[in-house]
Amino acid sequence: MSDAGQSPEVTAEARELHERGVEALREGRALDAEDLFREAYEAGHAGAANDLGDSLAVWRDLDGARKWWRRAADAGITGAAYSLGLHADEEGDPEEAEPWYRRAAERGNPSGAFNLGHVRLDLGNEDGALEAWRHAADLQHQDATLSVGIILARGGDEDGGGEWFRRAAREFGDPRGARKLATYYEARGDAAEATRWTALADRLSAPPVEVIGMSWRPDA
């Protein structure tokens, strides 16, 4: 459904039409929902354009979906910009995907920022990819944190990479970050630190233990 980009000045009529569209969609009345989303958009509900695009995409009417996502994105709906980027990306068009992901990232969408890094890398812009992944990490995207570390380490900045692996392990409990830190310390001959991070990676990788019907994982 529509996201926080929706203007607070939506009229009661537009809001009601949108809510009826959402209800129709929940009841499996897709065509009714689409009609209501169109009416809601025409009454001033920008988020309804995003919902209409999502609904059309389910039926593989991608041309129609993109038309409505563009209207929603131009009205400030972040999810619509992300959807436009994602579909261009899936169709193998990183140049088309990049500006839409960038728009989503600028509006605080962590997945948009993360995917922006990947399409920039596909386009040969490694510095731009790092910038996007750092932004995604600041938006709490776990995989982006690890990706920054990998790119820095591969580029020769092993200490910088190690700091990002540490962040992935500590902030997100990511066992991959802990294992890469273990490798980092092994390469420096610090067996004690390597062992400590390997043990942490093993603990983070362990499946949750069921205790009296509750899920529990050892603390990092």
Side-chain angles (χ1 to χ4, degrees), residues 1-123 129 132-133 135-144 147 172 208 215:
M1 295 298 102
S2 55
D3 66 356
Q6 177 61 44
S7 167
E9 295 155 7
V10 176
T11 65
E13 176 194 5
R15 190 174 292 109
E16 180 186 356
L17 286 165
H18 179 257
E19 290 171 357
R20 286 171 57 197
V22 171
E23 186 62 27
L25 204 59
R26 286 177 184 152
E27 293 173 355
R29 296 183 289 112
L31 293 179
D32 289 342
E34 290 168 11
D35 287 342
L36 287 162
F37 288 148
R38 285 188 182 90
E39 291 181 45
Y41 173 77
E42 289 166 3
H45 196 299
N50 184 49
D51 295 332
L52 178 54
D54 290 346
S55 182
L56 291 171
V58 170
W59 299 103
R60 305 305 297 168
D61 179 3
L62 296 182
D63 288 339
R66 281 189 286 264
K67 179 183 78 172
W68 287 98
W69 282 331
R70 286 191 185 98
R71 291 183 180 184
D74 288 343
I77 304 299
T78 306
Y82 175 76
S83 293
L84 285 162
L86 182 63
H87 279 266
D89 197 359
E90 289 176 341
E91 291 177 351
D93 190 347
E95 291 183 346
E96 172 71 14
E98 199 272 349
W100 293 113
Y101 280 149
R102 184 173 69 247
R103 189 183 298 194
E106 288 169 351
R107 293 173 180 168
N109 185 292
S111 294
F114 180 63
N115 288 2
L116 175 61
H118 280 290
V119 296
R120 283 180 172 174
L121 203 60
D122 290 342
L123 293 168
W133 282 332
H135 181 45
D138 290 339
L139 294 171
Q140 298 300 295
H141 196 292
Q142 179 175 334
D143 287 343
S147 295
F172 299 100
S215 241

Heavy-atom closest pair, residues Thr78 and Ala104: CG2-O, 3.8 Å
Compare all side-chain heavy atoms of Asp89 with those of His118 and state whether any distance is below 4.5 angstrom. no
Give a yes or no on whether Gln140 atom CD has more than 12 heavy-atom contacts from other residues, nucleotides or ligands under 6.0 Å away. yes
Across all chains, not counting sequence neighbours, the ring pair (Phe, Tyr, Trp, His ring centres under 6.0 Å) partners of Trp100 are none
For Ala72 and Ala49, which heavy atoms make the closest approach, and how far apart are they? CB-CB, 3.9 Å
Set of residues satisfying salt bridge (Lys or Arg N to Asp or Glu O under 4.0 Å) with respect to Asp32, sequence neighbours excluded: Arg29
Minimum heavy-atom separation for Ala81 and Arg107, please, with both atom names. CB-NH1, 4.4 Å
Looking at Pro94 and Asp122, what are the two nearest heavy atoms and their distance? CB-CB, 4.5 Å
From Asn50 atom CG to Arg70 atom CZ, the distance as rounded to the nearest 0.5 Å: 13.5 Å
Count the heavy atoms belonging to other residues, nucleotides or ligands that lie under 6.0 Å from CD of Glu90, then report whether that count exceeds 12. yes
Show your reasoning for whether salt bridge (charged side-chain N to carboxylate O under 4.0 Å, His left out) applies to Glu106 and Arg103. CA-CA 5 Å; Glu106 288 169 351; Arg103 189 183 298 194; over 6 Å; no
Inter-residue atom distance Trp59.CH2 - Asp54.CG, 0.5 Å rounding: 14.0 Å
Separation between CG of Asp51 and CG of Leu56, rounded to the nearest 0.5 Å: 11.0 Å
Criterion side chain to side chain contact (heavy atoms under 4.5 Å, CB included) on Arg38 and Tyr41, from CA distance to verdict: CA-CA 5 Å; Arg38 285 188 182 90; Tyr41 173 77; 5.8 Å; no
Charged N to carboxylate O under 4.0 angstrom, Arg71 versus Asp74? no
Verdict with reasoning, Leu17 to His45, per side chain to side chain contact (heavy atoms under 4.5 Å, CB included): CA-CA 9 Å; Leu17 286 165; His45 196 299; over 6 Å; no
Do Arg20 and Glu23 meet the salt-bridge criterion of a basic N to acidic O distance under 4.0 Å? no
Take Tyr101 and Leu86 through the side chain to side chain contact (heavy atoms under 4.5 Å, CB included) test and state the conclusion after the steps. CA-CA 8 Å; Tyr101 280 149; Leu86 182 63; 3.6 Å; yes
Please name the pair of heavy atoms, one in Ala33 and one in Gly21, separated by the smallest distance, quoted to 0.1 Å. CB-O, 3.4 Å
Return the minimal non-hydrogen interatomic distance between Ala132 and Gly117, and the atom names on each side. CB-N, 3.6 Å
Distance-only, no hydrogens or angles: does the Ser83 side chain make a donor-acceptor pair with backbone N or O of Gly79 under 3.5 Å? yes
Residues that His141 engages under side chain to side chain contact (heavy atoms under 4.5 Å, CB included), provided they are two or more places apart: Pro110, Ser111, Phe114, Ala136, Asp143, Ala144
Can a donor-acceptor pair be found, under 3.5 Å and without considering hydrogens, that links the side chain of His87 to the backbone of Leu62? no
Beyond-backbone contact of His18 with Leu36, side-chain heavy atoms, under 4.5 angstrom: no
Is any side-chain heavy atom of Trp68 closer than 4.5 Å to a side-chain heavy atom of Glu34? no
